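In what follows, a single structure is set out as structure tokens and then discussed.
The model shown is predicted, which means the values in this text are computed figures rather than measured ones. All residue numbers refer to positions in the sequence shown, counting from 1.
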Amino acid sequence: MFNHIILEDCQNLYHESLIDWSRFERVSILVTGACGMLPSYMIWMLIYLNEYERFDIHITALCRDAGKALALFGEYTRRDYFHILTADVTEEIQLEGKPDYIVHAASPSGSQYFGTDPVGVIMPNVLGTRNTLELAREKKAQGYLYFSSGEIYGMLGKETICEEDSGYLDPMNVRSCYAESKRLGETLCKAYSHQYGVRAMAVRPCHTYGPTVNLDRDARVFSGFVSDVLHGRDLLMKSDGLAVRNFCYLYDAALAYFKVLLDGAAGEAYNVSNPECQISIRGLAEILTGLYPEKGLKIVYANHDDVYLEDPNKKQSLISIEKLKKLGWRPNYSLEEGFRRTVESFRWKEEK
């Protein structure tokens with residue numbers, strides 16, 4: 001059953017003139033990491049196109065735990081158009097039929113994994129990317145979308161960074177397991193595009209949030225804040241709150257993902273961010289407490305867990321979206337509106 005916020009988002013996405021949604025009619029799409037926050041939101045949009053607009057899209061949701069997919073997508077997993085493929089993306093993918101599009105988003109992204117399972121972070125971004133690109137080459141897919149990260153920029157002394165920039169990363173810092181492997185995944189996309197003609201593109205999401213975030217498993221600070229607001233707890237800050245981050249609501253991000261998949265240039269990467277939503281962690285906490293003044297929530301500080309590896313890049317540069325804007329994309333949602341919709345989506349879940 002659709003979360004009412006996700007349904008509203010999908011309805012509004014469908015009426016975005018930026019996307020020619022008819023190009024998805026009667027196509028087959030493989031999505032890896034299907035239960036993740038970003039790819040699951042894309043799958044909800046594909047389900048919407050089938051359920052409400054009769055698009056006849058064949059969806060293959062690749063994940064390691066079929067039970068999670070069943071719990072997440074519920075009754076829609078029983079539709080003829082929906083297929084759960086239980087597999088490890090780091091191994092060769094056995095897929096019948098021809099996927100018209102492949103979205104590769106399988107990758108642990110939580111900072112809690114960087115220190116506890118760095119090998120498990122690296123392999124989906126390297127072996128998984130190679131395997132899905134090889135599948136795209138063999139099956140002659142129309143488009144391939146790789147989920148990279150804004151963390152690939154490393155340490156840069158610039159106020160604003162664009163896709164051509166590249167900063168320092170220490171390969172001997174275990175926290176680099178994520179950014180370095182994402183970088184290599186992008187290089188594989190470029191190599192397959194150059195050598196084999198695969199139409200492979202990469203997106204570099206910033207700190208993206210929305211109704212599909214897993215509040216129980218996502219260790220990022222904004223997820224904790226949403227959980228605190230939802231349950232009427234004071235917002236727990238595990239740092240001084242001065243770190244500055246770039247945020248983007250999932251509606252805007254998904255619009256960009258679909259646009260790049262359809263109309264992005266092969267072998268290119270695109271930043272996905274909202275320049276109007278760059279803010280310090282403390283500032284974000286203040287916005288969230290201000291959204292619900294009747295709760296009387298405060299900001300409290302505590303020491304972080306030992307497994308948490310803090311990003312040394314204290315103040316993230318502003319992420320340029322000029323390249324994506326050339327495709328016609330513009331973000332729509334403010335921090336206040338985006339986080340209110342996120343909180344309300346979880347309130348709806350708890351009331352059901």
Side-chain angles (χ1 to χ4, degrees), residues 1-16 19 21 24 29 31 33-55 57 59 61 63 65-79 81-84 103 105 109-110 147 205 207-220 222-233 247-258 272 274 277 288 291-292 295 331-352:
M1 183 178 182
F2 269 93
N3 176 304
H4 79 296
I5 294 293
I6 295 178
L7 180 58
E8 287 178 8
D9 282 353
C10 290
Q11 290 169 335
N12 291 332
L13 279 170
Y14 181 68
H15 290 98
E16 287 275 3
I19 305 289
W21 293 106
F24 285 115
I29 300 181
V31 181
C35 296
M37 178 177 68
L38 308 185
S40 67
Y41 192 93
M42 293 183 74
I43 289 176
W44 279 115
M45 184 59 195
L46 298 173
I47 292 173
Y48 169 84
L49 292 174
N50 279 346
E51 294 289 324
Y52 291 87
E53 308 299 336
R54 307 303 181 193
F55 267 38
I57 302 168
I59 304 167
C63 55
D65 187 344
K68 289 183 181 179
L70 290 168
L72 181 60
F73 299 110
E75 62 186 284
Y76 303 110
T77 61
R78 298 190 291 273
R79 301 290 200 264
Y81 64 73
F82 201 107
H83 174 61
I84 298 174
V103 176
S109 60
F147 275 74
H207 289 258
T208 309
Y209 65 95
T212 52
V213 63
N214 188 324
L215 297 183
D216 295 325
R217 296 174 60 87
D218 195 311
R220 286 173 290 186
F222 70 80
S223 178
F225 286 171
V226 169
S227 182
D228 289 338
V229 171
L230 186 65
H231 297 103
R233 301 188 298 256
F247 289 92
C248 188
Y249 180 58
L250 254 173
Y251 176 99
D252 291 327
L255 184 63
Y257 306 153
F258 281 113
V272 182
N274 186 340
C277 296
L288 282 166
L291 285 177
Y292 299 92
K295 292 178 177 285
N332 297 280
Y333 283 88
S334 66
L335 276 169
E336 292 83 354
E337 190 174 5
F339 272 100
R340 184 183 295 277
R341 291 185 68 77
T342 302
V343 173
E344 291 305 314
S345 72
F346 284 99
R347 290 180 64 175
W348 178 86
K349 283 182 182 180
E350 292 201 342
E351 290 170 0
K352 289 296 178 179

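By the side chain to side chain contact (heavy atoms under 4.5 Å, CB included) test, Leu70 pairs with Thr77, Ile84, sequence neighbours left out. In this structure Tyr52 satisfies the ring pair (Phe, Tyr, Trp, His ring centres under 6.0 Å) test together with Phe2, Tyr48, sequence neighbours excluded. For Glu344, the salt bridge (charged side-chain N to carboxylate O under 4.0 Å, His left out) test picks out Arg347, with sequence neighbours left out. For Asn50, the side chain to side chain donor-acceptor pair (under 3.5 Å) test picks out no residue, with sequence neighbours left out. Partners of Thr212 under the side chain to side chain contact (heavy atoms under 4.5 Å, CB included) rule, at least two apart in sequence or in another chain, are Ile6, Met37, Ser40, Tyr41, Trp44, Leu250. For the salt bridge (charged side-chain N to carboxylate O under 4.0 Å, His left out) test, residues two or more places apart in sequence or in another chain that qualify with Glu8 are Arg341. Residues that satisfy the side chain to side chain donor-acceptor pair (under 3.5 Å) test with Asn214, not counting sequence neighbours, are absent from this structure. When the salt bridge (charged side-chain N to carboxylate O under 4.0 Å, His left out) test is applied to Glu51, the partners found at least two apart in sequence or on another chain are Arg79. Scanning for ring pair (Phe, Tyr, Trp, His ring centres under 6.0 Å) contacts around Phe225 gives an empty result, with sequence neighbours left out. Remark: Ala253 engages Thr208, Cys248, Tyr257, Val272 in a side chain to side chain contact (heavy atoms under 4.5 Å, CB included) (not counting sequence neighbours). Under the ring pair (Phe, Tyr, Trp, His ring centres under 6.0 Å) criterion, Phe222 pairs with no residue at all, not counting sequence neighbours.
You'll find the side chain of Tyr209 stays beyond 4.5 Å of the side chain of Val226, heavy atoms only. Glu16 has its side chain within reach of Leu255: a pair of non-hydrogen atoms, C-beta onward, lies under 4.5 Å apart.
Counting only residues at least two apart or on different chains, the salt bridge (Lys or Arg N to Asp or Glu O under 4.0 Å) pairs with a member in residues 210-220 are Asp218-Arg220.
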